[in-house]
Every structure is written in structure tokens, then in C-alpha cells.
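First comes the structure, then the notes that go with it.
Residue numbers begin at 1 in each chain, while the letters A, B, ... track the order of the sequences.
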Protein chains: 2
Amino acid sequence: MALFLSTIQNKIDKKGRVSVPARFRSILSERGYSSIVLFPSFEGEAINACDMGVMEGLLEKIGGFDPFSEDRESDADALMAAAVELPIDGDGRITIPPTLTEEIGIEDQCVFVGRGDSFQIWAPEPFDTRMKAVKERARLKRAAGQKREASDD
Amino acid sequence: MALFLSTIQNKIDKKGRVSVPARFRSILSERGYSSIVLFPSFEGEAINACDMGVMEGLLEKIGGFDPFSEDRESDADALMAAAVELPIDGDGRITIPPTLTEEIGIEDQCVFVGRGDSFQIWAPEPFDTRMKAVKERARLKRAAGQKREASDD
DNA sequence: TGGGGTATCATGGATTTTTATGGGAGTCAA
DNA sequence: TTGACTCCCATAAAAATCCATGATACCCCA
């Protein structure tokens, strides 16, 4: 199955619309979806995005509706409550609700980040910071580890 | 199958009518229903809502589980007795009976909360409190480290 | 190889449709 | 008659849809 790869930054217009990267759209439609499901990441820094199939799988895992049982994870319920299904319009755009953008700090630009079977949406600056941190950590690890002189800094 | 997702707050007018969120309505009608079934949650904080199909499955499951168990049967009886089927009117609204709203503390606003295969109806404030509690708990769990144990104190 | 044409994409704006909400008229029963 | 309820209509706001354009990438053919 095709994977969500690479990082694309797009603009959010005054009406709150953003283009979903064309490649991502084609992957979604390959899977048979014309909408995406968004919900806040647990770390609170990004929005997670997946298709409805993933949500269905999740629900199946936590079990169906049974008012007599208390064992249904409240986390899972919170997830369903925080998630939104967004239709992709005829021009390939979505409108992310303010509840999600505000929490993450997204304003007029956002970054789509491939994660394989799903992707994330970030505000540009925090994403930058995060990437730099990751790279730095990798660099340190490399430096501390072996004498790998193939420098690429 | 489409799932009930996200959280929508709507107003209750003087006549006691509330709009069922459009997305929820379309999911219901997709499943072939034009009414919803309501009954109080056992925790007493919210109203549970589902379609008649879910209700039938539910009662069948409970009834079929153990025909000789008095507890189960009385639970099922209580559920049936407390449940109401509400028609959705031409404008997409329902009128929640006072028996249910008073118990939950709903007055002039209510919140529809998706739960996947069903949804709930809350008074705004208790729902807020609940969501904050869930988030805080998740935060603590995260901060405590990745040791995923049954404990969540 | 390079240049022109074409398809695709991201973006902006306008227009139409849907939705939530308010209110009124008619109906039925107590 | 009064009160509760149903059906119908009005409207403002929000959402979905449609159309236009500049830019870029892609392809084809001389």
C-alpha cells in the first residue's frame, strides 16, 4: 500500500481552507476515501490525520457500545469526541476547525508531514524546531558513536 | 460504516427543540433511521443516544447472555423502561423529554458527543469538566513515563 | 537539447446550498 | 380554552460548490 511520505507546507486562506497535498489525496482516494479524520496528538503539538478506516479499526478494538460495561476506555471515547471527519472539497482542500488549529498554534500556514500509514499537520515553527532537535540528536549520537567522517553538516 | 465523531453544541429553544447535528442526521439516515433512541447513562452524567438497530442488538445481547440471571434481566428492563424513541422532525430537530434533561442538568444548551457507534448528549459544563479531567489524566500518564500499567491514579 | 504546449496544482474569489434557529398557524386532547 | 405538539415558513450564518488564475512540472516533437 502507498505510504504518506515527505513534508509539504501549504497556505491557509482567509476562509480557513488548505490544500491537502495532491500526493496525499491520491493515496486517500486509492484507499477509497474522500475525507480525512483529524484529532489532536497526545503530545499536543500536532494534529494527527488518518482515514475513517483507521478509526473504525480503533473502535473495533475497544469494543462496541455496551451501556452496562464500564470497561470501555474513556481515552478512546475522548478520542472519538475530539476527532472530526473533514470532507475534501472539489479542489482538494479541507477546512480545519478552529478548535484544532488554535490548540496547535496554526495560523496561516501549515505543514503536512508524512508518517507512513498516516500523517500529521503542524504549525511551521514548532515543526522546524522539532526537526532541528531530531537532527541534532542524531548528529550527537553519530559523533559519540563511531568515527563516521562522511560529514554532511 | 460512518462513525459518530466530534463534539457539537446546539441551542435548545423555548419549545424544547434542539437540532441534531447535520452530520449525525446523515449517518442515521444512511443507516435507514429517522428517529433516535435516548436513555440515561448509568453514570448519570449524560444521555446515551443511538439508533433503533443498535438498541435491538443491545437488548438481544443482554437478554441472550443469561436468561436465568435476574440482575441482567432487571437491567435490561430498566433500560427499556427508561428509553424513549424520538422522531426527528422535518427541520432535523428533536424534543428531549424533561425526565431526561432534568436528570442530566440540561437547560438551554446541550452538547452532542460522538462515540463511534453511538453518541451522547451532555450539559455543557459537566462535559467540559469531564474533558478537562480526561486530558489532565492523559497528561499525567505521559509525564509519568511510558510504563503502561493498569494504574491511573 | 531546447522550446513550446499541456496538464496539474495551489490559491483566490464568487455563488449557491445547507444548517441552525426563531416564530406562527393549525390540531388534538384534557 | 389552554397547553402541548406538529407542520410550515423565514432568516442569518456557515458550509459546500463552482469558476478563475498564476505557477510549476511534464511531455512531446522538431
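Here C/dC9 is the nucleotide among D/dT6, C/dT21, C/dC9 with the atom lying nearest to any side-chain atom of A/Ala22.
The shortest distance between the side-chain N/O atoms of A/Lys11 and the OP1/OP2 oxygens of C/dG12 is below 4.0 Å. Listed pair A/Lys14 / C/dG13 meets the phosphate criterion, a side-chain N or O lying under 4.0 Å from OP1 or OP2.
Look at CG on A/Asp89: it is 16 Å from P on C/dT18, rounded to the nearest Å. If you measure from atom CZ of A/Arg17 to atom P of C/dC9, you get 18 Å, rounded to the nearest angstrom. To the nearest angstrom, C1' of C/dT15 lies 9 Å from NZ of A/Lys15. The CG-P distance, from A/Asp13 to C/dA14, rounds to 12 Å in whole Å. Rounding to whole angstrom units, CZ of residue B/Arg93 and C1' of D/dC5 are separated by 13 Å. Regarding A/Arg23, its CZ atom lies at a distance of 13 Å from the P atom of D/dC26, rounded to whole Å. Between B/Ile27 atom CD1 and C/dT19 atom C1' the separation is 16 Å, expressed in whole Å. Look at CD on A/Gln109: it is 13 Å from P on C/dA10, rounded to the nearest Å.
Within 4.0 Å of A/Asn10, counting heavy atoms only, lie sugar-phosphate atoms of the nucleic acid but no base atom. At the heavy-atom level, A/Arg25 lies under 4.0 Å from the strands shown only through sugar-phosphate atoms.
Residue B/Asp91 places a side-chain atom within donor-acceptor reach of the base of D/dC8, judged by atom type and a 3.5 Å distance cut-off alone.
Between the CZ atom in A/Arg130 and the NZ atom in A/Lys135 there is a gap of 13.5 Å [rounded to 0.5 Å]. Rounding to the nearest 0.5 angstrom, the gap separating the CZ atom in A/Phe119 from the CG atom in A/Leu3 is 13.0 Å. To the nearest 0.5 angstrom, B/Ile27 atom CD1 is 7.0 Å from A/Glu85 atom CD.
When each of A/Thr101, A/Ile36, A/Val84 is tested with A/Ile96 by the rule side chain to side chain contact (heavy atoms under 4.5 Å, CB included), just one qualifies, namely A/Thr101.
By the 6.0 Å contact criterion, CD on B/Gln9 is enclosed, its count of non-hydrogen atoms from other residues, nucleotides or ligands being greater than 12.
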